[in-house]
J.: 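Okay, handing you the structure first.
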Amino acid sequence: MRLSQYLITTSKEVPKEAKCISHKLMLRAGLIMRFAAGIYSYLPLGYRVLAKVTSIIEEEMNQVGAHQLLLPFVQPAELWKKSGRWGNYGEELVRFKDRKEADFVLGPTHEELITQLMKHQINSYKRLPLTVYQIQTKFRDEPRPRAGVIRTKEFLMKDAYSFCQSEKEQMTIYEKMKQAYERIFSRCLLNYRLVEADTGPIGGERSDEFIALAPLGEDRIVECEECEYVAKLEKADTGFPTSGDRCPLCKSKIRIKRGIEIGHLFWLGEKYSRSLKATFLDRMGKERYFVMGSYGIGVSRLLAAIIEQNHDEEGIIWPKEIAPFQAAIIATSPETFKVAQEIYLRLRRGGLDILWDDRDLSPGVKFNDADIIGIPFKIIIGNTFLKESKIEIKTRREKTTVKVKKDVVFQKMKELVQNAK
RNA sequence: CGGGACGUAGCGCAGUCUGGUCUAGCGCGCUUGCUUUGGGAGCAAGAGGUCGUGAGUUCAAAUCUCACCGUCCCGACCA
C-alpha cells in the first residue's frame with residue numbers, strides 16, 4: 001500500500017475524551033472515529049486490524065470443527081417472548097416496531113435465533129454434536145459506555161453455539177472450545193486468566209471467563225502469588241478478600257488484579273432448547289432437548305486489550321499476526337525514493353503486506369507514524385544506503401537494527417517476520 | 001440512574017470569575033510557493049468559527065440567568 005494514497009490520519013495530540021491508553025492510541029493512530037457515546041467506526045487501518053483478529057478467530061473455530069454462518073441482526077420479538085428474555089433482559093435490549101407494529105429487537109446475543117434455526121435444521125442424533133459460529137455486530141444499550149472500544153453500545157462479537165445430545169458430549173465440546181480460546185488469545189499475545197464466572201442474562205448452569213489483565217479493566221480477580229488459585233472477586237471462596245489476604249488453598253498471599261473480559265464460555269444445558277421446544281430424536285427414537293453451550297469473544301474489545309498490553313511511549317506494538325502491515329518502507333532522502341519503490345514492489349511480489357511511506361515529509365514524521373501505528377518493522381533506505389549500500393531494518397518491539405544488502409532484503413524480511421512475536 | 005467535570009476552527013487550548021479592548025486569539029494540523037530531508041524542519045502568504053442549542057437579562061453576551069442537548073470520569077448495573 002502506498003501511504004500517500006491511503007486513508008491514514010495520525011495525530012500528535014490526543015482528543016481529551018480519551019483517558020485510557022488503548023483509547024488514546026487508537027485515536028492517535030487513526031484506527032477509529034467516534035460518532036456517539038459507545039458508537040465507533042473503524043477506519044481502513046483499524047478495519048485491517050479487526051480483520052486480522054477475525055481471521056485468527058475463524059482459523060481456530062474452524063480448527064475445532066465449528067461452522068461459520070450469519071444470523072440476522074434484527075430479530076423478531078416472538079422468540080424473545082418465548083425464551084422469557086423479552087421481559088427480563090432489561091433496558092439494554094433495544095426494541096422497536098416495524099411499520100406493521102410488529103415487535104423486533106436489535107440482537108445483543110443470538111441464543112434464541114440459533115436455537116430456532118437448529119430446531120428446524122436438525123432432528124436426528126446422527127447429526128450431533130454440531131457447533132456453529134458467526135462474527136457479527138451486536139447492540140446493547142449500555143447505561144454507560146466507557147474506555148473507547150472496551151465497553152460500547154455497538155460492537156463486533158464472535159458467538160458460537162454448540163448442540164449436543166448429552167451432557168458428556170457437551171463437556172467435550174466445552175473443553176475443545178476452551179482450548180481454542182487459549183490458542184486465540186495466545187496468538188494475540190495476551191496475558192490472561194481463566195476464571196469461573198456468573199452466568200448473567202445469558203443464563204445456564206455454569207460459565208467461565210477469560211480475563212486479559214489490565215489496570216483499567218472493569219473486572220476484578222483474586223490471584224494467589226504461589227499456587228494456581230484464581231477467581232473472580234465476587235466468586236472468591238473467602239468472601240470479599242483484599243490484597244494480602246490468605247489463599248484459600250495454600251495460605252500464601254493473594255493479590256487483587258483488574259482485567260478486561262475478552263471471552264466467555266456458557267454451559268447452557270437445556271435452558272433455551274426447552275423454552276423454544278427444540279428437540280431431536282435420539283438412538284431410541286425418543287424426543288430429547290438439545291444440550292447447549294454458547295461461547296463469546298468481544299472482537300472489537302480484543303483490540304483494546306491487545307493495545308493495553310502491547311505498547312510503549314511511541315505507540316502501539318502490534319503482534320505480527322495482528323499488525324495492519326508487516327513492515328513500513330521509509331526512504332529518508334529524495335535520492336533513495338527509486339530504491340524504496342523497487343524494494344516495495346519486490347516485497348509485495350513476495351507476498352508481504354507492506355506500507356510504503358512515499359510521502360514527501362521529513363524522516364522523523366515517517367518514523368513516528370510507523371511507530372504509533374505499531375508496524376512491526378521499519379525498512380529504512382537513506383544515508384546508510386548512500387554510504388554503505390545497505391538497507392536498515394528496525395524492529396518495533398525489540399528496537400534492534402540489522403543492515404542488509406538490497407538483494408537480500410526480501411529473504412531477511414521473511415526470516416524476521418517468521419521469528420517475530 | 002446517583003455524584004463530578006467539561007462543551008470556543010479538524011485536534012489541543014486561552015479568553016468566561018470582573019459583560020464593552022473579541023470584527024474572538026494561540027499551538028498543532030491543512031492549502032500555495034521556495035528552501036530543507038536520519039526521529040514530529042524553516043521562511044513567506046493563505047483558508048478555516050451559528051463561541052453546543054434555545055430562551056432570557058442588558059444600550060451591549062463567548063462572558064450573567066434558566067432550560068435543554070452532548071461528551072468524559074467515579075459509582076450502581078452489566079458481556
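The chains referred to below are lettered A, B, ... by the order of the sequence lines, with proteins before strands, and numbering in each begins at 1.
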J.: Looking at A:Lys16, I'd like to know whether one of its side-chain N or O atoms comes within less than 4.0 Å of OP1 or OP2 on B:C13.
T.: yes
J.: Side chain of A:Pro143: nearest nucleotide among B:U37, B:C73, B:A76?
T.: B:A76
J.: Rounded to the Å, how far apart are A:Lys24 NZ and B:G12 C1'?
T.: 13 Å
J.: In the strands shown, is B:G48 matched to any nucleotide by a Watson-Crick or G-U wobble pair with both distances under 3.5 Å, and which?
T.: none
J.: What contact category does A:Lys19 fall into here, base, sugar-phosphate, or nothing, at under 4.0 angstrom with non-hydrogen atoms?
T.: sugar-phosphate
J.: Could you state the CG-P distance from A:Asp371 to B:G38, rounded to the nearest angstrom?
T.: 16 Å
J.: Please measure how far the C1' atom in B:G48 lies from the corresponding atom in B:C64, and state the result in whole Å.
T.: 30 Å
J.: Parallel, tilted or perpendicular for A:Trp80 and A:Tyr89, by the 30°/60° rule?
T.: perpendicular
J.: By nearest heavy atom, map A:Arg146 and A:Val14 onto RNA chain B; which one lands nearer the 5' end?
T.: A:Val14
J.: Within 45° of the six-membered ring axis of A:Tyr40 and under 6.0 Å from that ring's centre, is NZ or CZ of A:Arg34 located there?
T.: no
J.: Could you work out the separation of B:C17 and B:U63 based on their P atoms and round it to a whole Å?
T.: 9 Å
J.: What does A:Arg359 touch in the nucleic acid at a heavy-atom separation under 4.0 angstrom: a base, only the sugar-phosphate, or nothing?
T.: nothing
J.: Check the orientation of A:Phe104 and A:Phe96. Use parallel for under 30°, tilted for 30 to 60°, and perpendicular for over 60°.
T.: parallel
J.: In Watson-Crick or G-U wobble terms, both distances under 3.5 Å, what is the partner of B:U58?
T.: none
J.: Would you mind classifying the nucleic acid contact of A:Ile330 as base, sugar-phosphate or nothing, using non-hydrogen atoms under 4.0 angstrom?
T.: nothing
J.: At 4.0 Å (heavy atoms only), tell me whether A:Glu314 reaches a base, stays on the sugar-phosphate, or touches nothing.
T.: nothing
J.: Within the 4.0 Å heavy-atom criterion, would you say A:Lys394 contacts the bases, only the backbone, or no part of the nucleic acid?
T.: base
J.: Out of B:G38, B:A41, B:G39, which nucleotide sits closest to the side chain of A:Glu392?
T.: B:G38
J.: Is A:Arg301 touching bases, backbone alone, or none of the nucleic acid, heavy atoms closer than 4.0 Å?
T.: base
J.: Hey, which of these two, A:Arg28 or A:Glu92, hits RNA chain B nearer its 5' end, going by closest nucleotide?
T.: A:Arg28
J.: What integer number of Å spans the P atoms of B:G56 and B:G7?
T.: 25 Å
J.: For A:Ala18, which contact category applies under a 4.0 Å heavy-atom criterion: base, sugar-phosphate, or nothing?
T.: nothing
J.: So what's B:G40 paired with, Watson-Crick or G-U wobble, going by both distances under 3.5 Å?
T.: none
J.: Please report the distance separating the C1' of B:A47 from the corresponding atom of B:U36, rounded so that it comes out in whole Å.
T.: 24 Å
J.: Ignoring hydrogens and angles, answer whether the base of B:G29 and the side-chain atoms of A:Glu13 contain a donor-acceptor pair closer than 3.5 Å.
T.: no
J.: Pick the C1' atom in B:A44 and in B:A5, then give their distance to the nearest Å.
T.: 42 Å
J.: Decide yes or no, distance alone: a donor-acceptor N/O pair under 3.5 angstrom between the base of B:G12 and the side-chain of A:Ser11.
T.: no
J.: Of all the nucleotides listed (B:C72, B:G40, B:C73), which has the minimum atom distance to the side chain of A:Glu17?
T.: B:C72
J.: Testing A:Arg85, A:Lys271, A:Lys82 one by one against A:Glu111 for a salt bridge (charged side-chain N to carboxylate O under 4.0 Å, His left out), which residue passes?
T.: A:Arg85
J.: Could you measure between the two P atoms, the one in B:C34 and the one in B:U21, and give it in whole Å?
T.: 42 Å
J.: NA contact type, A:Ala147, heavy-atom cut-off 4.0 Å: base, sugar-phosphate, or nothing?
T.: sugar-phosphate
J.: Partner lookup for B:C17, please. Criteria are Watson-Crick or G-U wobble with both distances under 3.5 angstrom; report none if nothing qualifies.
T.: none
J.: May I ask you to say whether A:Asp353 pairs ionically with A:Arg348, meaning some side-chain N is under 4.0 Å from a carboxylate O?
T.: no
J.: Hey, does A:Gly296 reach any base, or is it just sugar-phosphate, or nothing, if we go heavy atoms under 4.0 Å?
T.: nothing
J.: Across all strands, who's sitting opposite B:C1 as a Watson-Crick or G-U wobble pair, both distances under 3.5 Å?
T.: B:G75
J.: Check every atom of B:C78, B:G39, B:U37 against the side chain of A:Arg151 and return the nucleotide holding the closest atom.
T.: B:C78
J.: Closest approach to the side chain of A:Val365, judged atom by atom: which nucleotide of B:C28, B:C77, B:A41 is it?
T.: B:A41
J.: Flag the pair A:Arg140 and A:Glu92 as a salt bridge only when some basic side-chain nitrogen lies within less than 4.0 angstrom of an acidic carboxylate oxygen.
T.: no
J.: Can you figure out which of B:C28, B:C73, B:G38 approaches the side chain of A:Thr332 most closely?
T.: B:G38
J.: Determine the interatomic distance between P on B:U71 and the same-named atom on B:G25; round to the nearest Å.
T.: 30 Å
J.: Can you tell me the distance, in whole Å, between the CZ atom of A:Arg34 and the P atom of B:G70?
T.: 12 Å
J.: When you look at CD of A:Glu175, are more than 12 heavy atoms from neighbouring residues, nucleotides or ligands closer to it than 6.0 Å?
T.: yes
J.: Is A:Arg144 close enough to B:C74 that one of its side-chain N or O atoms is under 4.0 Å from OP1 or OP2 there?
T.: yes
J.: Whole angstrom is fine here: how far is it from CG in A:Leu216 over to P in B:C73?
T.: 10 Å
J.: When we call it a touch if two heavy atoms are under 4.0 Å apart, what does A:Thr152 touch: a base, just sugar-phosphate, or nothing?
T.: base
J.: Can you tell me the Watson-Crick or wobble partner of B:G70, both distances under 3.5 angstrom?
T.: B:C6
J.: Using purine N1 to pyrimidine N3 plus N6-O4 or O6-N4 for Watson-Crick, or N1-O2 and O6-N3 for G-U wobble, each under 3.5 Å, what pairs with B:U63?
T.: none
J.: Looking at A:Asn368, I'd like to know whether one of its side-chain N or O atoms comes within less than 4.0 Å of OP1 or OP2 on B:G39.
T.: no
J.: B:C77 P sits how many Å from A:Tyr89 OH, rounded?
T.: 16 Å
J.: Could you tell me how far apart A:Asp369 (CG) and B:G29 (P) are, to the nearest whole angstrom?
T.: 11 Å
J.: Separation of A:Asp141 atom CG from B:C77 atom P, in whole Å?
T.: 18 Å
J.: In terms of side-chain geometry, is the basic nitrogen of A:Glu154 or A:Lys138 positioned less than 4.0 Å from the acidic oxygen of its partner?
T.: no
J.: Determine whether the aromatic ring centres of residues A:Trp356 and A:Phe337 are separated by less than 6.0 angstrom.
T.: yes
J.: Using a strict 4.0 Å threshold on nitrogen-to-oxygen distance, state whether A:Glu218 and A:Arg258 make a salt bridge.
T.: no
J.: Rounding to an integer number of Å, can you tell me how far A:Leu25 CG sits from B:C11 P?
T.: 19 Å
J.: Regarding A:Thr9, tell me which of base, sugar-phosphate or nothing describes its non-hydrogen contacts under 4.0 Å with the strands shown.
T.: nothing
J.: Please report the distance separating the C1' of B:G3 from the corresponding atom of B:U8, rounded so that it comes out in whole Å.
T.: 27 Å
J.: Please tell me if A:Ser362 has a side-chain N or O lying less than 4.0 Å from either OP1 or OP2 of B:A41.
T.: yes
J.: Which nucleotide in the list B:C72, B:C78, B:G38 gets nearest to the side chain of A:Glu218?
T.: B:C78
